[in-house]
Every structure is written in structure tokens, then in C-alpha cells.
> 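Take a look at this one; I'll ask things after.
These figures come from a predicted structure and were not determined experimentally. When a residue number appears, it is its place in the shown sequence, counting from 1. Note that ligands are numbered from 1 as they come in the structure, with each ligand's atoms numbered from 1 the same way.
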Amino acid sequence: MVCHGSTPIEPQALPQPVLRSIPRDQHPISRKDISPNALRVLYRLREAGFGAFLVGGAVRDLLLGRHPKDFDVATDATPEQVRQLFRNCRLIGRRFRLAHVVFGREIIEVATFRANSDDGSGGREVEDGRLVRDNVYGTIEEDAVRRDFTANALYYAIEDFSVRDYVGGFEDVQARVLRLIGDPATRYREDPVRMLRAVRLAAKLGFTIDPATAAPIPELAPLLAEAAPARLFEEMLKLFLAGHAVASFEGLERFGLLDVLMPDTARALRSNRSGALRRMLVEGLRNTDARVAADEPVSPAFLFALLLWPAYCRALAELQAQGMPSEEAQRRAADRVTLRQVQPIALPKRFPLPMQEIWLLQSRFSPRQRKRVFRLLAHPRFRAAYDFLVVRLAASDSHAADVEFWRHAQQVPGDELAASLGAAAAAGEPEMLPSRRRRRRRRRGGGNGGGAGEGQAGE
Ligand code: ATP
Ligand code: MG
């Protein structure tokens, strides 16, 4: 057998598939819960004489009574044959060749059954145990066992509306267990991102990770550093912007994956004895989850500002301890953290700048001179930076007065705000609030710029 790369996949890593067919009256999946476009694709393939199945996350989610976010189809038709059946079809992917059938905004992904073995054609390539190319077509049985988790390897057949299970996934879904198919360590070596998928799917579905599936993760976590940085960015968004960020974070931390994905943040959290940075981070993630639940927009720049804030605080504290002036230290810390982070995770070019602006603006919430107040209010990143300041309250109430001032500043008309600021300045009270009600005075932060508050508290 010809194998591209050094290590062949051990065949014993995968179990023998045994078919269990669950008839329509023994499972809850109904055609009315399936996207009409996916049904069109399934019927069309079947009419043309091909096998056609709904597969993967969609079947799993339907069994759980959840709404799938996308519908994937598996078939024995090759990508070229699929293309001939659908006018609205394009073929994509090199590492994993797929057909996309496009219906306006909905894309139905159609994948040809794949085998987890090398036929010598060059369709499958493995380098150091990792799968870098996976285009050897196979049978449905072969396709089932090369998938990641048993719960993800179920097939809904359009010909008789049965669910076909080759690996015990149906029972695992009922028991809400995430179990890797085959030998876990081998499957993680083959594709380390599966470790993140385990944490993500457990967080998303509220599943437990089977002990044998969980056991190798802490030891193999460092392999993630070799995964493609762009793919890790995509996984980060799925982990943190899909409504289960807190659970994802806890899972990553528990399995030692955070140390590989965000080493500086992991280190800063550990050295922050008061736990203030962790509280702030978790509070921010909780807000993110609430926004997703309420269908409000969430931004990757804000997310990364949050996730890297502990690292930023730590870097800033170090630079300031070396005697660097505050503003320069802030800029340097922001650059240092960004540069180090883009090594494991590729942040697309448009995100670092707004992320850094959110950090740097944190030190501009204390001054109350009229000009500065209006300049900050007009800053394009003001709202994000203010929301960030609100999240920071979870770590320390020392900016409670700032939050109150800026909340008010956004609500009152400009001339009223200007007048109140003028009055405050004239009275020699630059921190006084625009309203006449008495407020708690802000505690002074020692002139280090608001941004480093919690970081220094914990060092
Ligand atoms: P989600 O609900 O987040 O989309 P999903 O299980 O559908 O979860 P996808 O990334 O959409 O995840 O993948 C679709 C299917 O492809 C999975 O259900 C699984 O069967 C298979 N799959 C995806 N990634 C891998 C992988 N790294 N290794 C093996 N199989 C995979
Ligand atoms: Mg999916």
C-alpha cells in the first residue's frame, strides 16, 4: 500500500461497522423539520439512482429536538456526478472535495462517502499521523467509521425514512454521551482539532465526554499548536460565538487546551490570585451568551479583546514595572499580546486594530475635561469600549463611577452634558457627574491608566 507521508493510519484504530437500522416509527425525525432544500437534494439524488442521506450534526440535532444550523448530505455519487445533477452546484475544497448546492442564502453541502484507508491513488495523504488530504471515496460503512464522534455518524435515509447507525451513535445520543469512534489517541493525532470539537460539542449539546474519549486530551493538547491557524480561528468562533461560550471556556481550561490556544491568557489567569481576571472574563462570556440568545450581534474583535485582556493586563503590568510611561506601555503591551497570539490562531487582518482600540480606550474613561469627553463619545469604538468597561465591573468595582458617568453621558443631550462638564470644571471638580444627584466618588487608580487595574491587583 502506498502511503503519502510517513505514518500510515493504523487500521485497528477503527471499529468494524455493524448496521442497526432504526425504522421511522422508532425515532422522532420528521420531514417537516428538514430544510425543504435539503429534501430537494436528497430526492433528486435518489431519483437519479444514488444513495442519499442526511448526515452528521443535522441528524444528531433532530434526534435531540434541536434546530440544525445546517443540513449536510452524504451520497455515493461522486462530486462530478452531483454537479451534473444540479445547475446551482459548485465544487469546493482540496483537502476535502465537496459539492455545494446553492439555494439563495442556503447551501446544502453534499459529500461523497469517504474511506479511512489509502488506496494508493494519492487521494489520501497522511503526514506524521495527520490527515492532510482525504479524498478516497468509499462505502457508507467506511464513511461512518471515519467520522469523529458516534453521535455525528448517523444517517437519515430518504428512501425509507430510517436512521442508520453503524457505530452505536443512536444510543449515545439518547445517553447524551460524546464518544470518539475508534482509538481516541490515534484519532486525535490524525486531526488534533477533534479535541476542540469534543469540548465544543459537549458545551453546545450539554453532553458528557466519555472517559476514554476525554482521557488522552490533556496529554495530546500540545498537538493543537500544529493545526492550521486559520482553522483554529474558525473553531474559536464556533466555540465562543454560538451561545455556549462559558461552557466552552471551562472545557478548554479543564483539558489544558487553553494553554495551547491562548498561552498568555492561561498564564495570566493562573498568576492572578484574586481571581478578578477570571471573573471578568467569565462575566464577559456570559454577556456574549446572553446576546446570542437574544439574537443580538456579537463581534470577534470584542471577543478576542475579552479573551486576551488577562494577557494584556499582565504584559502592561510588566512593562510598567520596568518604568515605561503609561501610554507607551499600553501600546507596547497591546502589540506584544497581539503578535504572540497570532502565532497559534490566525486573526484575520481586520480584527487586531479594533481589539487593541478597545483595550487602549479603557484608560480614557477617567478624564472628565469637556473636550476629551466629547472626543471619546465620538470615537467609532466608543460603544464597544464602554461595553467592555461595564464587563470589567465584574472584576473590580473601582470603575463603577466611570460606568455611571459614561452611561449618563450617552443619554443626556450634548449641550446639557457640555454645561454640566463646564460647571464641574469651574468648581474644580473634574470628576463630578453631570447630574446633581450625589454619587460615590471614584477611587483613584494610582495614575496607571484604567486598563491595568485588575492585572496589577493580581500580580
Ligand atoms: P455543528 O452543529 O457545530 O455544525 P457538526 O457535527 O455538524 O456540528 P460540522 O463541522 O458541520 O459539525 O461537520 C459535519 C460532520 O462532519 C460531523 O457531524 C462529522 O460527522 C464530520 N466531521 C466534521 N469534522 C470532522 C473531523 N475533524 N473528523 C471527522 N469527522 C468530522
Ligand atoms: Mg454542521
Side-chain angles (χ1 to χ4, degrees), residues 9 13-15 17 34-35 38 53-75 92-93 95-98 100 106-116 124 126 129-136 138 140-156 163-170 172-173 178-184 186-207 213 220 223-224 226-228 231-232 234-245 247-248 292:
I9 298 277
L14 294 176
I34 300 173
S35 135
F53 303 86
L54 201 62
V55 69
V59 181
R60 175 199 72 209
D61 288 352
L62 289 170
L63 288 176
L64 292 166
R66 300 170 65 103
H67 292 293
K69 80 174 176 345
D70 42 42
F71 291 85
D72 297 337
V73 167
T75 179
I92 61 147
R95 178 180 173 272
F96 200 95
R97 199 154 172 75
L98 288 172
H100 274 178
E106 190 179 18
I107 293 177
I108 306 297
E109 208 168 89
V110 183
T112 306
F113 296 143
R114 274 166 173 75
N116 204 0
R124 183 183 173 87
V126 177
R130 275 180 306 130
L131 204 50
V132 291
R133 197 169 150 87
D134 192 8
N135 284 322
V136 172
I140 187 170
E141 288 85 356
E142 289 170 319
D143 189 73
V145 294
R146 61 99 198 158
R147 288 177 184 273
D148 49 6
F149 303 99
T150 60
N152 283 350
L154 295 166
Y155 298 75
Y156 170 83
V163 170
R164 307 217 179 148
D165 177 7
Y166 297 90
V167 291
F170 192 78
D172 283 341
V173 171
L178 216 51
R179 188 192 313 276
L180 216 41
I181 299 169
D183 174 55
T186 310
R187 303 295 321 270
Y188 290 136
R189 289 210 172 84
E190 194 179 271
D191 179 5
V193 172
R194 288 175 183 148
M195 294 186 272
L196 292 186
R197 290 179 55 84
V199 167
R200 171 166 75 81
L201 291 171
K204 166 177 163 154
L205 305 168
F207 277 29
T213 294
L220 298 181
L223 293 180
L224 257 189
E226 294 158 29
R231 191 168 168 218
L232 290 185
E234 291 304 317
E235 273 302 317
M236 286 295 284
L237 299 189
K238 292 186 186 174
L239 279 157
F240 288 105
L241 296 184
H244 47 79
S248 289
V292 173

> Under 3.5 Å, N or O to N or O, is R197 touching ligand 1 that way?
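The answer is yes, given that R197 and ligand 1 share an N or O pair closer than 3.5 Å.
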> Below 4.0 Å from any atom of ligand 1, is there a heavy atom belonging to E190?
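For ligand 1, residue contact (heavy atoms, under 4.0 Å) with E190 is absent.
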> Name all residues meeting the salt bridge (Lys or Arg N to Asp or Glu O under 4.0 Å) criterion together with D143; count only those two or more places apart in sequence or in a different chain, and write none if there are none.
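Applying salt bridge (Lys or Arg N to Asp or Glu O under 4.0 Å) to D143 gives R146, R147.
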> Would R60 and F207 count as a cation-pi pair here, with the cationic atom under 6.0 angstrom from the ring centre and within 45° of the axis?
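So R60 doesn't make the cation-pi contact.
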> Does R231 reach ligand 1, in the sense of a heavy atom lying below 4.0 Å from it?
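Distance cut 4.0 Å: R231 passes for ligand 1.
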> Would a 4.5 Å heavy-atom cut-off, applied to side chains only, mark M236 and L196 as touching?
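They are not in side-chain contact.
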> Starting at CZ of F113, measure out to CZ of F53 and round the result to the nearest 0.5 Å.
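Reported value, rounded in 0.5 Å steps: 5.0 Å.
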> Applying salt bridge (Lys or Arg N to Asp or Glu O under 4.0 Å), name anything that partners D172, two or more places apart in sequence or on another chain.
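Once residues adjacent in sequence are excluded, the partners of D172 under the salt bridge (Lys or Arg N to Asp or Glu O under 4.0 Å) criterion are R179.
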> Between D72 and G56, is there a donor-acceptor pair closer than 3.5 Å when you use the side chain of the first and the backbone of the second?
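Between the backbone of G56 and the side chain of D72 there is no qualifying donor-acceptor contact (under 3.5 Å).
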> Does R200 reach ligand 1, in the sense of a heavy atom lying below 4.0 Å from it?
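Distance cut 4.0 Å: R200 passes for ligand 1.
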> What residues, two or more places apart in sequence or in another chain, satisfy salt bridge (Lys or Arg N to Asp or Glu O under 4.0 Å) together with R200?
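E235.
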> If you take all heavy atoms of P68 and D61, which pair is closest and at what distance?
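Heavy atoms of P68 and D61 come nearest at CA-OD2, 3.7 Å.
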> What are the protein N/O/S atoms, named by residue and atom, that sit under 2.8 Å from the Mg ion (ligand 2)?
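Those protein N, O or S atoms (cut-off: under 2.8 Å from the Mg ion (ligand 2)) are D70 OD1.
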